[in-house]
Amino acid sequence: MYDVAAVRKDFPIFETGIAYLDSANTSQRPRQVTSAVLDYWERYNSNIHRAAYKIAEEATDRYEATREKVRAFINAASTKEIINTRGTTEAINLVAYAWGRANVRAGDLIVLTILDHHSNIVPWQILAEANGARIEYVDIDERGELRQDQFRELLEQQPRLVAFSQVSNALGTINPVDDMVKRAKAAGATVLVDGAQGAPHQGVDVRALGCDFYAFSGHKMLGPTGAGILYGRRELLEQMDPFMGGGDMIKTVRVEGTTYHDLPWKFEAGTQAIGEVIGLGAAVDYIGELGMENIREHETEITEYAYEALSDIEGLTVYGPPPSRRAGVISFALDGIHPHDLATIADRDQVCLRAGHHCAMPLMTRLGVPATARASFYVYTQKDEVDRLVGSIKEAQRIFK
Amino acid sequence: MYDVAAVRKDFPIFETGIAYLDSANTSQRPRQVTSAVLDYWERYNSNIHRAAYKIAEEATDRYEATREKVRAFINAASTKEIINTRGTTEAINLVAYAWGRANVRAGDLIVLTILDHHSNIVPWQILAEANGARIEYVDIDERGELRQDQFRELLEQQPRLVAFSQVSNALGTINPVDDMVKRAKAAGATVLVDGAQGAPHQGVDVRALGCDFYAFSGHKMLGPTGAGILYGRRELLEQMDPFMGGGDMIKTVRVEGTTYHDLPWKFEAGTQAIGEVIGLGAAVDYIGELGMENIREHETEITEYAYEALSDIEGLTVYGPPPSRRAGVISFALDGIHPHDLATIADRDQVCLRAGHHCAMPLMTRLGVPATARASFYVYTQKDEVDRLVGSIKEAQRIFK
Amino acid sequence: MSSKPLSADDQFYREYILDHYKNPRNYGRLERPDITHEEDNPLCGDVVGMDFSIKDGVIDDIRFHGRGCAISQASASLLTERLKGMPLDDAKKINKDDVLGELGIEISPARIKCALLSLKVLKVGAYGLAGDDEE
Amino acid sequence: MSSKPLSADDQFYREYILDHYKNPRNYGRLERPDITHEEDNPLCGDVVGMDFSIKDGVIDDIRFHGRGCAISQASASLLTERLKGMPLDDAKKINKDDVLGELGIEISPARIKCALLSLKVLKVGAYGLAGDDEE
Ligand SMILES: Cc1ncc(COP(=O)(O)O)c(C=O)c1O
Ligand SMILES: Cc1ncc(COP(=O)(O)O)c(C=O)c1O
């Protein structure tokens, strides 16, 4: 049995009394993660990869150990395919610059989706503008699910790149990524999957999935801010020029020219977020101990509970698919009450609720709403927090009656 | 009187008994910094700029408070000119992409110096290659100081960009940046100063200096890894297109196109290193309390002490300028003993010494050495640590006699 | 929850703010405005637009339209009440503190932009002032 | 410091390693090598090159040259001693553990590349094997 009370004990922040329902935004971090970083700071704080002494060797080992943990976590073939970035956004931009600028040509088609996060839209808009490519967006149906018929039509135009998210952060929609990747690859496209909401909640097997790139953020999966991952297929990464230049990503620097380091370091210029990467390793360990299956089960239980509780409230509209096809995210609206006003009232009860466009403005435009309220769940979420949310909603309805 | 013993009490790592002589590589972090990050994790851990509840407001406030602290620290005109990056390397790459790609044209001249760090060379090599510009490097004289005569000659060719470091990380040379910036500006160049070694040890007044861009790293000035700063003159930053695209750097995202956020957020795409930026703010406070003047005095005292002690050793060659014109960095060689072997022997005595090319291969080539040993100092360095280094050197000479 | 005594946050949604939200004054459009301007707060989707009719340097008539949270809409409604009949020169002097004072409640930093959106419409629309000075 | 008893790290610079460093065996160049190859470890500036003379599938003669730390140069010297007169097929079988074993000391991760540089020269030079498998 998944013991959420025991899990919560690992998160000192809950002693403040908050009900934290904004994990799709950023997760909380357990003591196991923060103490791993603290251990670095207090015992072997040093720079890596230029190690001439023991503490720097330990820092290097632990930094590289995260890479192996992440490799195993997503089942990549090699640690050469695991590149440290600040997060999903930098990971996607890395691909847009280092792969995109060289490989996307004028007139090429880029296929995105209307429910994607800005971080998986804007880098491609910038690329399309620079290289003269065009972008098409896969629409959603009335349940908030991607229109697969339209996706397949677009594939017939042989897009150069197809990029979409594993799970929508705004609606919680779980996209049929296995099928979509297979079809996109068969159509000859390079495929990037935005795993920001997928990696923490569903996990992934990049080899089974068969995508070319996979991006995710440590801070959404119990790790510190400042550390995230780009997975890239080795063959592609080998062909790519570096993104940023600087220390550590080179073999030799000469006035006449420079040779670059091997993978994965070719893409890690300058001093990396060493402590944060070490913390991410601890987060992967922590998730491994809980077990991704258990996490999923727990989230499903909470999501179903919340879905039902919210659906019971009069004047409340839930956006997106039924609970069986959604991750632990519920976006909703209240008749006559703006999401911001609801969030402000919830905040009085220490209920942390997100209100806004969730960095998915094209989706908001598509849904015809300026903003939604959103509750999202993770390993530590308990039913009591959902109950408190329901209380805040009723309170708001009382005030705005 | 500067009380180094009291300062050292703020750094738990010294309880391990190490003599840490590698601060030019990365500094240690005091409890004041680490507990600021811990406080974030345990009390108000949340994402910023989308705040709908109190802890997110506090995170946003403290994140933005760092910006104001940094602004004051370098005396920038506005917080709009302070952009968070992972460190110096990302800051310089940001300029190379977002300013360089649009402003440097075929045949344009870029002036760098032979003693610069790879992070202030490779991004420009990549840019020069992409845009067809050419690069000239200012040489050093026999004291390891930039040849100002040659610099002036190069300025006559009206370079588009001039980039150099405030202080050399490999030799400790303090460059005459005031004069160099003034001349480069007068010649019509855009000027970037790499302050990675300057900001922590000398400080800077960017308005007095008059440079267009100034880059530095938090982890070299008592802050956590993962947070650094790009200062840019507002006028230039306004004209520039964004670097990375994604969440938070936009005003509106539409299928038809996107409008970007105001400065400084235009250049901060995706979830930032929130905890790390908050830690950097605490580091700036800590430095402010010690006082930059006092830090400089303390470092000068240690550097002179070390310079003398090392110069007394037979068969030891110190590279670079006399102590009066160098920062707290001493690069040296021992006859018949490779720097790596020295570092390994020092490590046995828990003396953390750097051996290598210090990410300054063009300088090493120029000096005709494959590597040097390097000791570097900071706020917490005490003479006893220098004495232990001298002991290790003598031990190495005994073993290799 | 409903048995809770009147708290600071009930204050936040004081009766008259809710009243202005539900029954906005001067809501709608003018047929032939001398000035018309709209601003939005893209981060939360609030929109406020105002139509001004100016006679002899005085705001002779005014209407606002828009959508968004209670704070942004009530603030617009309150501001139009105040502006109606006011000489333009006086309207120019209205500042943040006036607007926040009129709302009479504590506004958290995250909601300041909602509260000041209508002021931005006034400033940018009526005077062409740069609208970003409240950041 | 000099009164310290023999420690693990004095072991690290054992007499015979220092001896190989100061008096390298088979140092220099061959006039007409059948194979010649050089590798460097750019991160620390170590360089090792080897010239091979092959007769009937046997390493008939060998010389190395280079510069760098004691570990890299002693390792090269030791390896040439072992290779001289060895059938190429046997040389092919030499692996990391052999080389590290021959050094007979504990090598920290940071110095592994120094210790194995000569093996890389052998592998890449004599067999054209990819040289990155020790990473
Ligand atoms: C002079 C100089 N420039 C740039 C850098 C790069 O800084 P970072 O690795 O923090 O990006 C360093 C530090 O290694 C440095 O000393
Ligand atoms: C689906 C999705 N993609 C991308 C991102 C961007 O991640 P980050 O802000 O960590 O770079 C997020 C999170 O905000 C997300 O939910």
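Every heavy atom of this structure was used, including side-chain atoms; hydrogens, water molecules and symmetry mates were not. Each chain gets a letter, A, B and so on, in the order its sequence line appears, and its residues count up from 1. Keep in mind the model is a prediction, meaning the values are calculated, not measured.
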Requested in this report: Please step through side-chain hydrogen bond (donor to acceptor under 3.5 Å, both in side chains) for the pair A/Thr225 and B/Gln272, ending with a clear verdict.
Outcome: CA-CA 7 Å; A/Thr225 47; B/Gln272 298 296 298; over 6 Å; no

Where is the tightest heavy-atom contact between [X] and [Y], given as atom of each residue plus distance?
{"X": "B/Cys359", "Y": "A/Asp248", "result": "SG-N, 4.5 Å"}
{"X": "A/Arg86", "Y": "B/Met244", "result": "NH2-CE, 4.0 Å"}
{"X": "A/Ala273", "Y": "B/Gly226", "result": "CB-CA, 3.9 Å"}

What I'd like to find out is whether the side chain of [X] reaches to under 4.5 Å of the side chain of [Y], using heavy atoms alone.
{"X": "B/Cys352", "Y": "A/Ile55", "answer": "yes"}
{"X": "A/Arg101", "Y": "B/Arg101", "answer": "no"}
{"X": "B/Val255", "Y": "A/Ile114", "answer": "yes"}

Side chain, backbone, both or neither: which part of [X] has a heavy atom under 4.5 Å from chain B?
{"X": "A/Val277", "value": "neither"}
{"X": "A/Tyr97", "value": "side chain"}
{"X": "A/Ile18", "value": "side chain"}

Query raised in the report: Per the side-chain contact (heavy atoms from CB on, under 4.5 Å) rule, which among A/Met361, A/His117, A/His357 passes with B/Val253?
Result: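 Of A/Met361, A/His117, A/His357, side-chain contact (heavy atoms from CB on, under 4.5 Å) with B/Val253 is met by A/Met361 alone.
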
Requested in this report: Look at the aromatic rings of B/Trp41 and A/Trp41 and report parallel, tilted or perpendicular, splitting at 30° and 60°.
Outcome: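 Judged by the thresholds at 30° and 60°, the geometry between B/Trp41 and A/Trp41 is parallel.
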
**Report entry** Proximity breakdown for B/Met249 and chain A, heavy-atom pairs closer than 4.5 Å
**Finding:**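 When you check distances to chain A, only side chain atoms of B/Met249 fall under 4.5 Å.
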
Report task. Please flag which part of B/His340 lies under 4.5 Å from any non-hydrogen atom of chain A: side chain, backbone, both or neither. Result ->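 Neither the backbone nor the side chain of B/His340 comes within 4.5 Å of chain A.
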
Query raised in the report: A/Tyr20 and B/Asn45: side-chain hydrogen bond (donor to acceptor under 3.5 Å, both in side chains), yes or no, with the steps?
Result: CA-CA 10 Å; A/Tyr20 189 73; B/Asn45 183 92; 5.3 Å; no

